[in-house]
Amino acid sequence: MISGCDSPEMTSRIQDNKENATESLQEAFQRFRKAKQEKIRLALQEEKKAAAQRCDPQQMQQLRKKFFEQALRYLGVPYAKKFHEPGTPDYDAPLFLDCCALVRRALRDLKDDFGFTVGPWNQAYQFDSLPVSIEREEDMQPGDLVFISGTYFNSKSKTYPHNMVHVEIWLGDGEKTIGARWHRGHVQIHDSYKFVSKSYYNMVYYFRSIDTWLKGICKKYLLAK
């Protein structure tokens, strides 16, 4: 005798349910896959649109202005905690910015505008991520960077690629820059990018355009000086 559970009709019904369940899972997966592909397509479309906008000369000039104006917001911020006496306002400051940190901070503040987030690296990396060299002061625009290579007086000081020791942001109006130059100093406007350092000598100046960053590109090019 065949029980109800073992009848051909019941067996067929169970098989049909399994097939329907499998088909439903396949359909659900296909819907998920198509939705994901559409999302990726739209994201790439928006990315291409944003990249095209960033290459627009007017857009680049606006971002260039925003960049150096953002750096100016940090005027007065001390260079580093360790160079100040405990209990002083500079020692207890909520923020410290050395030369490359000022550039990095302004970039990160505007990461949505630039289309990238710059890494935690120093002036040597920033130098290597800007391949466009500028030969003359008169061709520099506000927001471009002045890099300085040099040799430390203290032979035990840590060195970096290209012997890069410093960076400042060009403001124009003559040779003015904004930067964090002195250990016991602050972010400030300097009348000239040229100065005498007590930490290094054999100083050589390099002008770099930030146009590459303005176009949303920030990668290491391993440049020769």
Next item on the list: Please confirm whether the backbone N or O of Glu175 pairs with a side-chain atom of Glu137, one donor and one acceptor, at under 3.5 Å?
Entry: no
Item checked: Heavy-atom closest contact (Cys218 atom, Val118 atom, distance) -> SG-CG2, 4.1 Å
Checklist line | salt bridge (charged side-chain N to carboxylate O under 4.0 Å, His left out), paired with Glu69, selected from Lys66, Arg73, Lys65 | finding: Lys65
Note to self: Is there a continuous path of hydrophobic side-chain contacts, each under 4.5 Å between heavy atoms, that joins Trp170 to Phe67?
What the structure shows: no
Next item on the list: May I ask whether Tyr201 and Tyr152 are part of the same hydrophobic cluster, defined by side-chain heavy atoms of I, L, V, M, F, W, Y residues being less than 4.5 angstrom apart, directly or through others?
Entry: no
Next item on the list: Walk me through it: do Ile189 and Leu72 pass the test side chain to side chain contact (heavy atoms under 4.5 Å, CB included)?
Entry: CA-CA 8 Å; Ile189 293 175; Leu72 288 170; 4.0 Å; yes
Item checked: Val165 with Leu97, same ILVMFWY side-chain cluster at under 4.5 Å -> no
Check: Mind checking whether Tyr193 and Phe207 have ring centres under 6.0 Å apart?
Finding: yes
Check: Under 6.0 Å between ring centres, would you say that holds for His166 and Phe195?
Finding: yes
Margin query: Give me the atom names and distance for the closest heavy-atom approach of Leu145 to Leu130.
Written below: CD1-CD1, 3.7 Å
Check: Is the His162-Phe127 ring centre distance short of 6.0 angstrom?
Finding: yes
Margin query: Just verifying a value: how many Å separate Asp56 CG and Leu214 CG, rounded to the nearest 0.5 Å?
Written below: 12.0 Å
Next item on the list: Check the pair Val77, His186 against side chain to side chain contact (heavy atoms under 4.5 Å, CB included), reporting the backbone distance first and the verdict last.
Entry: CA-CA 5 Å; Val77 173; His186 309 79; 6.0 Å; no
Notebook entry, point to check: Can we say Asp211 and Arg64 salt-bridge, meaning some charged N sits less than 4.0 Å from an Asp/Glu carboxylate O?
Noted result: yes
Check: Applying the 4.5 Å side-chain criterion to the ILVMFWY set and letting contacts propagate, would Leu110 and Phe68 be lumped into a single cluster?
Finding: yes
Note to self: Apply side chain to side chain contact (heavy atoms under 4.5 Å, CB included) to residues Ile178 and Leu75 and explain how you reach the verdict.
What the structure shows: CA-CA 8 Å; Ile178 177 174; Leu75 286 171; 3.7 Å; yes
Next item on the list: Compare every heavy atom of Pro78 with every heavy atom of Asp90, then report the nearest pair and how far apart it is.
Entry: O-CG, 3.9 Å
Item checked: Distance-only side-chain donor-acceptor flag, Asp98 / His183, under 3.5 Å -> no
Next item on the list: Taking the six-membered ring for Trp and the full ring for Phe, Tyr or His, determine whether the centres of Trp182 and Tyr79 are under 6.0 Å apart.
Entry: no
Margin query: Between Asp144 and Arg208, does any side-chain N to carboxylate O distance fall below 4.0 Å?
Written below: no
Notebook entry, point to check: Is it true that the NZ or CZ of Lys81 lies under 6.0 Å from the centre of Tyr91's six-membered ring and within 45 degrees of the ring axis?
Noted result: yes
Checklist line | Least distance between heavy atoms, Ala124 atom then Tyr160 atom | finding: CB-CB, 4.0 Å
Margin query: Applying a strict under-4.5 Å side-chain criterion to I, L, V, M, F, W and Y, I'd like to know whether Val187 and Val103 cluster together.
Written below: yes
Item checked: Point-to-point distance, once rounded to the nearest 0.5 Å, from OH of Tyr206 to CD of Glu135 -> 11.5 Å
Checklist line | Test item: side-chain donor near acceptor, Asp92 and His84, under 3.5 Å | finding: no
Check: With distance as the sole criterion, is a donor-acceptor pair present between the side chains of Ser129 and Trp213 under 3.5 Å?
Finding: yes
Note to self: Has Gln123 got a side-chain atom pairing as donor or acceptor with Met164's backbone, closer than 3.5 angstrom?
What the structure shows: yes
Notebook entry, point to check: Roughly how far, to the nearest 0.5 Å, is the OG1 atom of Thr212 from the CD1 atom of Ile217?
Noted result: 6.5 Å
